[in-house]
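Labels below follow one simple rule: chain letters A, B, ... track the order of the sequence lines, proteins then strands, and each chain is numbered from 1. Both backbone and side-chain heavy atoms feed into the values below; hydrogens, waters and symmetry mates do not.
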Amino acid sequence: MDPNGVYLFLIGPALWFSATFCAAGFLARLCFLYGMSLGQDKVFYNHQSFYWGSRSIAHWLVPWGSVSYRTQPVFTFFLFSFHLTLLATPIFCSAHNELLEKAFGFSLWSLPDTVTDAMTVILLVSGIFLLVRRLVRPEVRALTGVWDYVLLALTVLPFASGFAAYHQASPYGLWTIVHVASGELLLVLLPLTKLGHVVLFFFTRAFIGFEMGTRRGTRTW
Amino acid sequence: MPQKTTEDLYLETFEKRPVNHKALADLVSANLGARIRTWLDICSRCGLCAQSCFVYLSNHRDPRLSPAYKVKHTLGEFVRRKGRVDQAFLEKCYETAWLHCTLCKRCSLYCPFGIDIATMLSLVRTLCHSQGIVPSKLAFFTENCAKSGNHMDLPPEELAETCNWMSEEASETVAGVSMPMDKEDTEYLYTINPREPVFYPQDLADAAMIFTVAGENWTFGSRGWDATNLPMFAGDRKVAGKQADNIYQEAKRLKAKKILITECGHALRSLRYEGPYLAGYADGLPPVPVVHYVELLYEYLRDGRIKLDPAKKLKEPVTYQDPCNVSRNGGIWEVPRKIISLLCEDFRDMAENREYNHCCGGGGGILPMGPDYRPRRMLNGRLKAEQIRQTGAKVVIAPCHNCFDQVRDLSEHYELGVKVVSFKELVVHQMIVPENLQPAGE
């Protein structure tokens, strides 16, 4: 198989497919949940409050912003370093923006390569911390199934392979292909798995804010 | 061979009968709304909830007792197997849902996604209940509620008799104490815990003396006086809804402006928060406003309707047990502390307090499940015992009957040497009885 052909396929039709699947998947999941909630989850709508919902979300988006985070400060540090680099690195990576520019004639602001490279290292180190924590802490290990380890690996894979490709590790072509393919696989998995929390987090946090805050005046952070 | 625990022996009493898979599957599907689906789907197994759970902490951090683990291996399995579970699984769920969780909701404050574990374990109780797997005492109380609207199946005449007897006694301290029954157009329909007329009648007298001194317009309702709701903890949603609605209807019948609840935690949770949904009120709000006794007591003290004798202020070190269903799940934690500042000289708060308090280990229905479960309650209450010990308090104030009895048992078991009191008891002891209400001959 022609590696260049595979690469072109991956950054062409496969990318279109995975990006569309991700967006449509989330849309479908949200529509499904919305339809279901109208009948079975009146409690979600009865006590809505911007004040309590937004505070319930915001406090958990700030490092050490909740009592729970503060009880495990080191975990919280790595949790945030993991998530921040996970979201920011692909968006501000110059290579990605060059591809965007080429395809659509526009691009986002790019960070210098050394910065995104360092961010990738932070992500990988944070990923290793999360894995070790899963293995070492009994209460986390007891909860973890094979799929949780696989998902963590699949989340880190686009970054590890991207790092290898950027540093021209041998075989370069293969690393690039693994990088793009694993990134696309992740896009497909986002709406289907627990990784859906990237969107659903806002709804569940808002709900507990309504339930405890609006109804009882109880903080949930 | 290890000795069988009372819990093992209890499990053996369950009738071995085939599990109705169809009924379970239907019940799972009927309750699997958007919230529960999302919670089950996105739990990232981070384990942050473990540190929030008093059962986990009290039992040497057994990883199988973390909230996420408990849900994953109960409701998670019900959903995954679409109700096709066996009796052994239901018995395991029974242990988890009733003995390893009191539905205190503390974990939902510690979960990054705000997953409401208690709501899911409540559903596990309902699923078990549908197959006859339910603590026998809770089943007994539920039956009584369905029959007569109160847990003890106490006839109204007996309540009236206790009221008359206690009114006479109370009149020796405050002249003219009466306990009106079925009076119309009052400010408050006073609803109580059935343990009061049966085991703690002095509580009724204390309440009546406070009402009399404050000049309150109140009444009992002969058809609806039991504010508590153990069917809610037994997993019987139908009877739980009926039990809550019984009180709402009684308040409407007697045209009472508000429903007042005695110093009880889960009655507040039932009547103010869960009751409206259980009884089918679409807006989720009680049709008549619900007030907890502690809130009213504070109003009386603030407005000078009750005056305290400063010389009688409690000098011993005091701590306050925040009942989960009054504090975190009832939104009332500052008002009791304001009252305490008027009643006590040396108040020492527990390390985790207010909405972040730990359950005493007697909530969620386990205390009324009877003495067989006392060993389990004592194990689960280890953390609370340590918290109390660390304050150095000699008196614990608990405005909840479950907390009251549990802390008393903990004190005995862990040799804490504390006395448990209610707010009413302290207020009655310290209040100044106005001259016009002094009993004749004094």
Would you verify whether the NZ or CZ of A:Arg205 falls within 45 degrees of the ring axis of B:Phe113 while also being under 6.0 Å from that six-membered ring's centre? no
Side chain from CB out, backbone as N, CA, C, O: work out which of these in A:Phe203 comes under 4.5 Å of a heavy atom of chain B, or both, or neither. neither
Measuring heavy-atom distances to chain A, does B:Ser66 have an atom under 4.5 Å in its side chain, in its backbone, in both, or in neither? side chain
Roughly how far, to the nearest 0.5 Å, is CG of B:Leu109 from CD1 of A:Ile208? 7.5 Å
Under 30°, 30 to 60°, or over 60°: which ring-plane class applies to A:His47 and B:Tyr277, parallel, tilted or perpendicular? perpendicular
Would you find more than 12 non-hydrogen atoms of other residues, nucleotides or ligands less than 6.0 Å from B:Arg81 atom CZ? yes
Is it true that B:Lys105 and A:Glu211 have a side-chain N and a carboxylate O under 4.0 angstrom from each other? yes
State whether the number of non-hydrogen atoms from other residues, nucleotides or ligands found under 6.0 Å of A:Lys194 atom NZ is greater than 12. yes
One should read off an interatomic distance between A:Asp148 CG and B:Cys46 SG, to the nearest 0.5 angstrom, of 11.0 Å
Nearest 0.5 angstrom please: A:Arg137 CZ to B:Leu48 CG, how far? 8.5 Å
Which one of B:Ser108, B:Cys111, B:Gly330, B:Ser327 has the most heavy-atom pairs closer than 4.5 Å to chain A? B:Cys111
Bottom line for A:Arg134: the part with an atom under 4.5 Å from chain B's heavy atoms is side chain
Pick whichever of A:Phe75, A:Phe44, A:Tyr34 has the most heavy-atom pairs under 4.5 Å with chain B. A:Phe75
Just wondering, are more than 12 heavy atoms of other shown residues or ligands nearer than 6.0 Å to OH in A:Tyr45? yes
If you measure from the Lys or Arg side-chain nitrogens to the Asp or Glu carboxylate oxygens, is any gap between B:Asp41 and A:Arg29 under 4.0 Å? yes
Quick one: OG1 on A:Thr144 to CZ on B:Arg45, what's the gap to the nearest 0.5 Å? 8.0 Å
For the CH2 atom on A:Trp221, are there more than 12 heavy atoms of other groups (residues, nucleotides or ligands in this structure) within a distance under 6.0 Å? yes
When the 4.5 angstrom heavy-atom criterion is applied to A:Ser37 and chain B, the contacting part is both
Are any non-hydrogen side-chain atoms of A:Met212 and B:Asp116 less than 4.5 angstrom apart? no
Between chain B and each of A:Gln40, A:Arg219, A:Arg216, count heavy-atom pairs under 4.5 Å; write down the option with the most. A:Arg216
Enter the distance from A:Leu200:CG to B:Arg37:CZ here, rounded to the nearest 0.5 Å. 13.0 Å
Could you check whether A:Glu139 pairs with B:Arg61 (Lys NZ or Arg NE/NH1/NH2 to Asp/Glu carboxylate O, under 4.0 Å)? no
Side chain / backbone / both / neither for A:Phe202 at chain B, heavy atoms under 4.5 Å: neither
If you count heavy-atom pairs under 4.5 Å with chain B, which of A:Arg133, A:His59, A:Met36 comes out on top? A:Met36
Name the region of B:Arg328, side chain, backbone, both or neither, that has any atom closer than 4.5 Å to a heavy atom of chain A. both
Would you say B:Ile42 and A:Thr204 make side-chain contact, with heavy atoms under 4.5 Å? yes
Scored by heavy-atom pairs under 4.5 Å with chain A, the best of B:Leu285, B:Asn31, B:Ile115, B:Asn329 is B:Asn329
With chain A, the option among B:Ala30, B:Ser44, B:Ser52, B:Ala50 that has the most non-hydrogen atom pairs under 4.5 Å is B:Ser44
Evaluate whether atom CZ of B:Phe89 has more than 12 neighbouring non-hydrogen atoms of other residues, nucleotides or ligands under 6.0 angstrom away. yes
Chain A interface, residue from B:Pro112, B:Ala68, B:Ala282 that has the most non-hydrogen pairs under 4.5 Å: B:Pro112
Proximity breakdown for B:Asp62 and chain A, heavy-atom pairs closer than 4.5 Å: neither
Of the backbone (N, CA, C, O) and the side chain (C-beta and beyond), which part of B:Leu32 lies under 4.5 Å from a heavy atom of chain A, both, or neither? backbone
Do B:Trp39 and A:Phe207 have side chains that approach each other closer than 4.5 Å (heavy atoms only, starting at C-beta)? yes
Answer key: most heavy-atom pairs under 4.5 Å with chain B among A:Gly217, A:Ser66, A:Ala142, A:Ala206 is A:Ala142
Is it the backbone or the side chain of B:Cys43 that comes under 4.5 Å from a heavy atom of chain A, or both, or neither? backbone
Working to the nearest 0.5 Å, report the span between OG1 of A:Thr220 and CD of B:Glu355. 10.0 Å
Hey, mind stepping through B:Arg35 and A:Val43 against side-chain contact (heavy atoms from CB on, under 4.5 Å) and telling me if it holds? CA-CA 10 Å; B:Arg35 283 178 311 144; A:Val43 64; 3.4 Å; yes
